[in-house]
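These notes concern the structure reproduced below.
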There are 4 protein chains.
Amino acid sequence: MATATEDAGGPRRSAKAWSGRLAADTNPTLERYTSSLEWDRQLAAQDIQGSLAHSVALHRSGLIDAATKESILSGLTQVAVELRDDSFEFLPSDEDIHMAVERRLTELAGEPGARLHTGRSRNDQVAVDLRLWARSECLRLAGAAIDLQEVLLRRAREERRTLLPGYTHMQRAQPVTLGHHLLAYVEMLNRDVDRIKDCHRRADSSPLGAGALAGTTLPIDRRATAAALGFSAVTSNSLDAVSDRDFVAELTFCCALLAVHLSRLAEDLIIWNTREFSFVTLPDSWATGSSLMPQKKNPDVLELVRGRSSVPLASLVGLLAMLKGLPLSYNRDLQEDKRHLFAATEVTETSLSALSGLLNEIRFARRRMASAAADPELLATDLAEQLVAAGMPFRTAHERVGAAVRSAGELNLRLDRLVAQRWREIGLPADPGQCGLFDPRRSLARREQPGAPGPRAVAAAIRRAATLIRRSRGWIAAESQRQPPPPASSGSA
Amino acid sequence: MATATEDAGGPRRSAKAWSGRLAADTNPTLERYTSSLEWDRQLAAQDIQGSLAHSVALHRSGLIDAATKESILSGLTQVAVELRDDSFEFLPSDEDIHMAVERRLTELAGEPGARLHTGRSRNDQVAVDLRLWARSECLRLAGAAIDLQEVLLRRAREERRTLLPGYTHMQRAQPVTLGHHLLAYVEMLNRDVDRIKDCHRRADSSPLGAGALAGTTLPIDRRATAAALGFSAVTSNSLDAVSDRDFVAELTFCCALLAVHLSRLAEDLIIWNTREFSFVTLPDSWATGSSLMPQKKNPDVLELVRGRSSVPLASLVGLLAMLKGLPLSYNRDLQEDKRHLFAATEVTETSLSALSGLLNEIRFARRRMASAAADPELLATDLAEQLVAAGMPFRTAHERVGAAVRSAGELNLRLDRLVAQRWREIGLPADPGQCGLFDPRRSLARREQPGAPGPRAVAAAIRRAATLIRRSRGWIAAESQRQPPPPASSGSA
Amino acid sequence: MATATEDAGGPRRSAKAWSGRLAADTNPTLERYTSSLEWDRQLAAQDIQGSLAHSVALHRSGLIDAATKESILSGLTQVAVELRDDSFEFLPSDEDIHMAVERRLTELAGEPGARLHTGRSRNDQVAVDLRLWARSECLRLAGAAIDLQEVLLRRAREERRTLLPGYTHMQRAQPVTLGHHLLAYVEMLNRDVDRIKDCHRRADSSPLGAGALAGTTLPIDRRATAAALGFSAVTSNSLDAVSDRDFVAELTFCCALLAVHLSRLAEDLIIWNTREFSFVTLPDSWATGSSLMPQKKNPDVLELVRGRSSVPLASLVGLLAMLKGLPLSYNRDLQEDKRHLFAATEVTETSLSALSGLLNEIRFARRRMASAAADPELLATDLAEQLVAAGMPFRTAHERVGAAVRSAGELNLRLDRLVAQRWREIGLPADPGQCGLFDPRRSLARREQPGAPGPRAVAAAIRRAATLIRRSRGWIAAESQRQPPPPASSGSA
Amino acid sequence: MATATEDAGGPRRSAKAWSGRLAADTNPTLERYTSSLEWDRQLAAQDIQGSLAHSVALHRSGLIDAATKESILSGLTQVAVELRDDSFEFLPSDEDIHMAVERRLTELAGEPGARLHTGRSRNDQVAVDLRLWARSECLRLAGAAIDLQEVLLRRAREERRTLLPGYTHMQRAQPVTLGHHLLAYVEMLNRDVDRIKDCHRRADSSPLGAGALAGTTLPIDRRATAAALGFSAVTSNSLDAVSDRDFVAELTFCCALLAVHLSRLAEDLIIWNTREFSFVTLPDSWATGSSLMPQKKNPDVLELVRGRSSVPLASLVGLLAMLKGLPLSYNRDLQEDKRHLFAATEVTETSLSALSGLLNEIRFARRRMASAAADPELLATDLAEQLVAAGMPFRTAHERVGAAVRSAGELNLRLDRLVAQRWREIGLPADPGQCGLFDPRRSLARREQPGAPGPRAVAAAIRRAATLIRRSRGWIAAESQRQPPPPASSGSA
């Protein structure tokens, strides 16, 4: 979109909504400093949707006649077309997207344009725009999260038998499968989608009609406008309606926590992609090189997912610090909500897509993983638990097995190579490895409780994940129906 | 609680759970630096609840016999009593509350104590403790929020007819009532309670049985233990279960946003309490003085509510920054969750109580508020809307009324004192104030849409708030039933 | 600047620096996701300055001949011109500003362009670019802070005798002057400028020559290049040099604290601008109106200064959370530094300018301030101190004067109207107001210690401030000399 | 320290400093909520130091006689003794450490105690206490940082010839030495110490005498008191002096960035400590085990250093969000500064000590590191640079060497095993490895520019680090001289 500077001369004063009240031209520094167009032009579609619904309501209340309504509708459709195809010209005197649209509408439609702002204020207008935007962003974000869940689920299914050492403290701990590991992220994303749904529900009330802070004396049907815009309810207090940005903070928090989940997955993969681990290989199309070192093949996408996860956190701090201590009701500080919300959602969405793309093609080094998982120390706990099953107190079993591990280390032996005599000296059975105790596949087969990495438990988890994903898709489909149509769809430009 | 230092000598090495594996004594700096007792002793009750349920499960699975179970149960009850009456002695070698309880249990019960840690790890143990704590904290926090809602609702009912200038940009905007203003905060707290409920639902799954990261090979019934602890479900992935702190971050976010709401209310009251506004008077029992200036009477409680609202925000940053980039599964970094969660919830709960107490007794200066609300400029919008109702385009009406305001200002007149000729010159009716246009009560009576400040609308809002509060109380009552009993309740110390 | 999409076809693979190593084309999602052009094109001038100095160094070391150097220099100058006049065409395959400039240089200059990247990496290149940018941003930021100091100082000089109630806890406390109040902000800005200087000093080392992480085997004179770019020193460790973003975090912190200071000044003025205080009047050119309410005149600039002060704080969190836990040396996460730094500095600079503009023209309502400062309660402390000077213990004096204030309040009298008998009953002199005790001007005259609001002390503070400002200007002038010239200044486009 | 609750009865009202002014007893909720003793009792020593200096000043000004001064001095010394040996009894009515000390002093010394608060307010009192605390904390913090530098320097000296692969993007990049790697952290800590010095300088002004906000009418010599407390200057504006917390924010920022540095070092070591890297071994005394898995040996200290690095960041956010938008001058919100400052400094100091201890004893696996560094791909850049030195444009060299790496990879060969024909086909010399090109030690020997990892450069860096450390120690020694003596040192308890 272009910002015209040359034509800014002329009768600038009349361009401002408040030119009756204030005697002097606006200072140009003020004009630049207070303009919100850099951010709120992203709300153009929602602003026009809101105005379309509002003008229908004005007509139904008898505040404008049919011809005026038609002029406004066709004018707004034209504005929407200009915005969509980037032919809309912003003027320096356009303080924000709301005034820009109204100004252009009035140029196109004449006097009817001057009737549009009846019974509303920019305070409830921007609130409704932002709630429309947040509602549809919830759907986009959840959709991108589900896309990633599907990739994870597909890879988990393929790798449900791939042995992998599970780590705690970044130390090898017990054997799991790669499928089980990937499903942990499906779980995290389930919670993310759940939180987004809750946020959507709380954003789903129309503030239109709250006016500047105290409603309006004109007979406008708030519920009808809300329904036309697909809202489930109207807000319950006009002072709160214009100053509430909870849904912005909550959506940004959803992004921040989701992004933290992505950063953890990225970290796993970055570590697995080191030469030392070599658990994964990036396809060349998902790697980057170095400008200096000819041999390099770097996981930049993963590093950026990790690095950018701090963006929604930063946005959340910006929002909450901005809101803190604001008296009621609307204060201009609230304008700063968009900068933070848009950054948080944009980063989270693109990181989700990038990770989905990369995970779709990453290659898992099954042999390296299996070899690492074959370390018999990973089964020290199984040994202790076998002793417990035979009656030994756990703390005794733990101590003796620990001593065996230490002893093997001092002798520079693998645990399963310790001789019978040494086992006996420690107070343990002479050949604990019989019956396949040190076989990681058998260990997994012993772990079949809900949520455990055993093959049947993982198969059940895969089925459960598929069901949850299907339900989430269903929710998106149902909510999408309630979205108002894009403003220029009926346009015959 | 006392931390014994003198008796720390003796066979310290055997005190550690891992003394079999590691050959050397723990470095004392490490011991101090890694100890989490400063924070996790707050989880003592939950730790014992979890262990009680776990020992019942061990018995049911045949892993311990009845006598062992009974020894453990009565030993744990004794530990709970000691903790409750502050006679429990912590040792420097007690790394955390879990090891302290197990150590003391073993002192009291002998070998049975060494069997308690069968089939579990501190990783799932701390997760279950923290979820138990978070669940009950959700109820406490929601309870304190509802207490404040009730005070607000009572005062709103009393002040539903008290005129107050509504402000935007801290400038007088349109008349509202004090009742309407107070109800805005009831709305905010409704959302807070709603978010806490969602958080509670997501915290309400038992991780017990996830073990260190990969479940256990022993036959323990996860669902039975979960039910015994009042959980609705078991977690679905063992790797996720031990490394998930979403519920901690989410509860902290609930606190952060709630605290922001409190800070806004505090700011309103601090401003109203200035000599210049004089809209409220603090009772002497809710004010403080100055150590130097004899005349001072300060609203310290309100300032601290505002100042402390940054604590949950800080905690939230601490948590998310801690979680960012952690690889799966458990890492010791997670220990730092408690410091942040406890600070956030403690501040939010005490701020809620302090505000409830103060609001219960604060005096509203109705006459000052009414006098401020009588400013006829507050009805400039009513005038513009009256012109619109008579057919004038809103932008024209806005500009002309703005010019009238400017003109009155230049003449140093109240708007309703402008002479007929001046009104006409501007293009407006000669006596707009007739029919009570400049009477704020009449203005309110014209504002009866849902959520608006009109008397009937406010009466409806009061009824709605009462209903919502009742429902929230019902939820707390129902959930409280599911809490496990306090561990020492059956104690006969 | 335009981003060409249509011409992106052709032999795209060869456009990447690493096309030898990686066999496949880069995935387009990766290309979009990893591109840093949105942010780092702001470093174009610095990138070319760095390359100009580097090519001179390459020639001096014999790594390129004179003709190659000349080709590079004139090519780079041409690139600078294209960037300056917005005719530079970015390609989708331009990962960042560095590759965009090198790509265009090679188009213009041919093979010499392929020699420019000798002995350096993008890792040290972006570090030098960012340090050059930070150095000059320090000067711009300090300059804008000093501009505000000068406005504050001018207004303070004018208002050095204007009585104002000083406030603590937003309650009237003791009389000060408006000049003294404004000088408090001059002090804060002094510390800000001081911190910026320290930050500049730490940013003032050249990382060029650190290569990717381990320097270079080629004979390049780091100190000469550093000197050519106006750096005082070279960095001391190559691993640190490419991964150090301390100067970014520190500059962002300087912005965050500076912005907090601005937010406090904005808050003072917003409160003073309420109808209830009426201590200031905004000129119409520095106020904005309402789209709905015709009478409104709002202090939006001040609210935005306050609201935007959370942006540098958010940036700081983003930066530190990004840096936390990064292993050595360069990781791609570091790319996210620019987004945060640029947002923080841009907001801080424009807020400084906006406040300077507004403060230049704001009108102070001297009479209102003086009337508020005439409240005799503000002199209760003077009375207590007079009693102390006469030998009474302070705590006794404080208690008795407090009782007098309470008594006056109960009788609904001004403190100086309390009758002699009442004073005596409380144990105080019968007519404490004689000798002008309740005259705020005399109170000020008793407060002449360093930093106090007495007239001579304020006059001294004004002189001191003028000196500090002059010194700060001198520092900027001296440092500006060391800046490398703008890259296209010698261009003959 | 004990908090007595039982004796809190009696004439509670008289305990408050403001009991003259306010007619009612303080509400107990208010008392608990506003008490700052939990945090500010850490300022007890500073509070007494400040009061000692103040009472000397009162005497010198003639405001108290010699006997009164002596009573106060000996009373304060007694209070200091009680506080030091934990026999001081806090009462619930003690709002803060200042009132607690004054209350106890008055119990001990009688009427002289009631004269101590002459000419000062808690506003300047807490400011001076906190600045005294911050000054000495700067010295402690810098000392702990230098301790770590010394350990790093010692280990760097020992390991200056230990080959290590340098990493970028966590991919092996070029050979460095372990000594060079450790010195990178010495550099970071140098900047940290430098920042702490700057912060100390800005904290080093005495606010005493600023009173509540407007100085005092009594003749107190601010400069003498400042000198007695070891301050270099007095603050310049009384309003600023009582509301300035810049030094708190700045010290917390120093901690936050320092902690980020520590988190990076911890991350390096955690990764090196994985089985897959095995570059380090923790001594058993610096490792911990698992409660469940007998074989585990975990680097908990390192994980906590990493996890706790988010605490100072959280504190910083808490502080800046608390300060944002506060009007002048003192507001009670400022009380919340201590909670954040104390948490940040405590974590940073203990993390420094823990890392110093661990690094002192950690074992480096030189052979594993050397073997990893022997990978010939790490010398691909050397090869390209050798070609450049022979006249090939760098981009050509980079592309051809990259192709060789790719070719070797496809053939599953080490780069130095590629046959002559393949080298020639790619356009490179037939045997690039001659002259030891693929020998990492020779590569290092080619890297001797300032800051590079060559042996002579590292030796110079070691000398430089030693000098800087010596200078930092000298600064601490000099500043320590200026600290006031501990308050109870002259006590004859």
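In what follows, every chain begins at residue 1, and chains take the letters A, B, ... in the order their sequences are listed. Just so it is clear, the structure is predicted and the values come from calculations on it, not from any experiment.
- Side-chain contact between C:Val388 and D:Leu218 is present, with heavy atoms from C-beta onward closer than 4.5 Å.
- Using a 4.5 Å heavy-atom cutoff, the side chains of C:Phe253 and D:Glu250 are in contact.
- For D:Arg400, no part sits under 4.5 Å from any heavy atom of chain C, backbone or side chain.
- Under the 30°/60° scheme for interplanar angles, the aromatic rings of C:Phe394 and D:His117 are found to be tilted.
- C:Arg21 is not listed as a side-chain neighbour of D:His398, based on a closest heavy-atom distance of 4.5 Å or more.
- Here the side chain of C:Asn237 pairs a donor or acceptor atom with the backbone of D:His180 at under 3.5 angstrom.
- Ranked by heavy-atom pairs under 4.5 Å with chain C, the list D:Asp198, D:Leu269, D:Leu257 is led by D:Asp198.
- For the set C:Arg306, C:Lys324, C:Arg202, the entry with the most heavy-atom pairs within less than 4.5 Å of chain D is C:Arg202.
- With a 4.5 Å cut-off on non-hydrogen atoms, D:Ala214 touches chain C through its backbone and its side chain both.
- For D:Asp194, the parts lying near chain C are the backbone and the side chain together; criterion is any non-hydrogen pair under 4.5 Å.
- For chain C, no part of D:Pro112 is nearby; none of its heavy atoms comes within less than 4.5 Å.
- Heavy atoms of D:Thr381 lying under 4.5 Å from chain C are absent altogether.
- Per-residue counts of heavy-atom pairs under 4.5 Å with chain D were compared for C:Ile220, C:Thr235, C:Leu319; the largest is that of C:Ile220.
- Here D:Ser243 is the residue among D:Ala445, D:Ser243, D:Gly454 with the most heavy-atom pairs under 4.5 Å with chain C.
- With a threshold of 4.5 angstrom between heavy atoms, D:Glu448 does not approach chain C through any atom at all.
- The shortest side-chain heavy-atom distance between D:Thr217 and C:Arg447 falls under the 4.5 Å cut-off.
- Contact count versus chain D (heavy atoms, under 4.5 Å) is highest, among C:Gly215, C:Ser263, C:Pro207, for C:Ser263.
- Options D:Gln449, D:Arg464, D:Glu187 differ in how many heavy-atom pairs under 4.5 Å they form with chain C, and the most are formed by D:Gln449.
- Side-chain atoms of C:Arg446 never come within 3.5 Å of backbone atoms of D:Thr216 as a donor-acceptor pair (strictly under, hydrogens ignored).
- When the shell of 6.0 Å around CZ of D:Arg201 is examined, it contains more than 12 heavy atoms from other residues, nucleotides or ligands.
- Taking every heavy atom of both residues into account, D:Ala321 and C:Leu313 meet most closely at N-CD2, 4.2 Å.
- Both the backbone and the side chain of D:Leu323 come within less than 4.5 Å of a heavy atom of chain C.
- Taking all atoms of both residues into account, the shortest heavy-atom contact from C:Ala452 to D:Ser238 is CA-OG, 4.3 Å.
- Residue D:Ile270: no heavy atom, backbone or side chain, is found under 4.5 Å from chain C.
- At a threshold of 4.5 Å between non-hydrogen side-chain atoms, the residues D:Thr168 and C:Asn331 do not count as touching.
- Only the backbone of D:Pro175 has a heavy atom closer than 4.5 Å to any heavy atom of chain C.
- Heavy atoms of D:Arg332 lying under 4.5 Å from chain C belong to its backbone as well as its side chain.
- Using modelled atom types, one side-chain atom of C:Arg115 and one backbone atom of D:Gly391 make a donor-acceptor pair closer than 3.5 Å.
- Looking at D:Asp240, its side chain never comes within 3.5 Å of a backbone N or O of C:Met188 through a donor-acceptor pair.
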(Q) The test is side-chain contact (heavy atoms from CB on, under 4.5 Å); show your working for C:His261 and D:Asp246 and say whether it passes. (A) CA-CA 9 Å; C:His261 294 155; D:Asp246 282 14; 2.7 Å; yes
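- When atom types are taken as modelled, the side chain of C:Ser329 and the backbone of D:Tyr167 share a donor-acceptor pair closer than 3.5 angstrom.
- Side-chain contact between C:His181 and D:Leu213 is absent, with no heavy atoms from C-beta onward closer than 4.5 Å.
- Side-chain atoms of D:Arg264 come within 3.5 Å of backbone N or O of C:Leu326 as a donor-acceptor pair.
- Only the side chain of D:Ile271 comes within contact range of chain C, judged by heavy atoms closer than 4.5 Å.
- For C:Val317, the parts sitting under 4.5 Å from any heavy atom of chain D are the backbone and the side chain alike.
- The candidate from D:Thr68, D:Leu316, D:Leu239 with the greatest count of non-hydrogen atom pairs under 4.5 Å with chain C is D:Leu239.
- Of the atoms belonging to D:Gln174, heavy atoms from both backbone and side chain fall under 4.5 Å from chain C.
- No side-chain heavy atom of C:Glu385 sits under 4.5 Å from any side-chain heavy atom of D:Thr118.
- With hydrogens and angles disregarded, a donor-acceptor distance shorter than 3.5 Å links the side chain of C:Asp268 to the backbone of D:Leu328.
- No donor-acceptor pair under 3.5 Å is formed between the side chain of C:Glu267 and the backbone N or O of D:Pro327.
- In plain terms, the two heavy atoms of C:Glu111 and D:Pro393 that are nearest each other are OE2-CG, 3.4 Å.
- In this structure, CZ in C:Arg191 is found 3.5 Å from CG in D:Asp244, a value given to the nearest 0.5 Å.
- When heavy atoms are compared at a cutoff of 4.5 Å, D:Ala249 approaches chain C by way of both its backbone and its side chain.
- C:Ser236 places no side-chain N or O within 3.5 Å of a backbone atom of D:Gly451 that could act as its donor or acceptor partner.
- The parts of C:Met170 that come within reach of chain D are both its backbone and its side chain, each placing non-hydrogen atoms under 4.5 angstrom from that chain.
- Heavy atoms closer than 4.5 Å to chain C are found in the side chain of D:Val234, but not in its backbone.
- A donor-acceptor contact shorter than 3.5 Å links the side chain of D:Arg222 to the backbone of C:Pro450.
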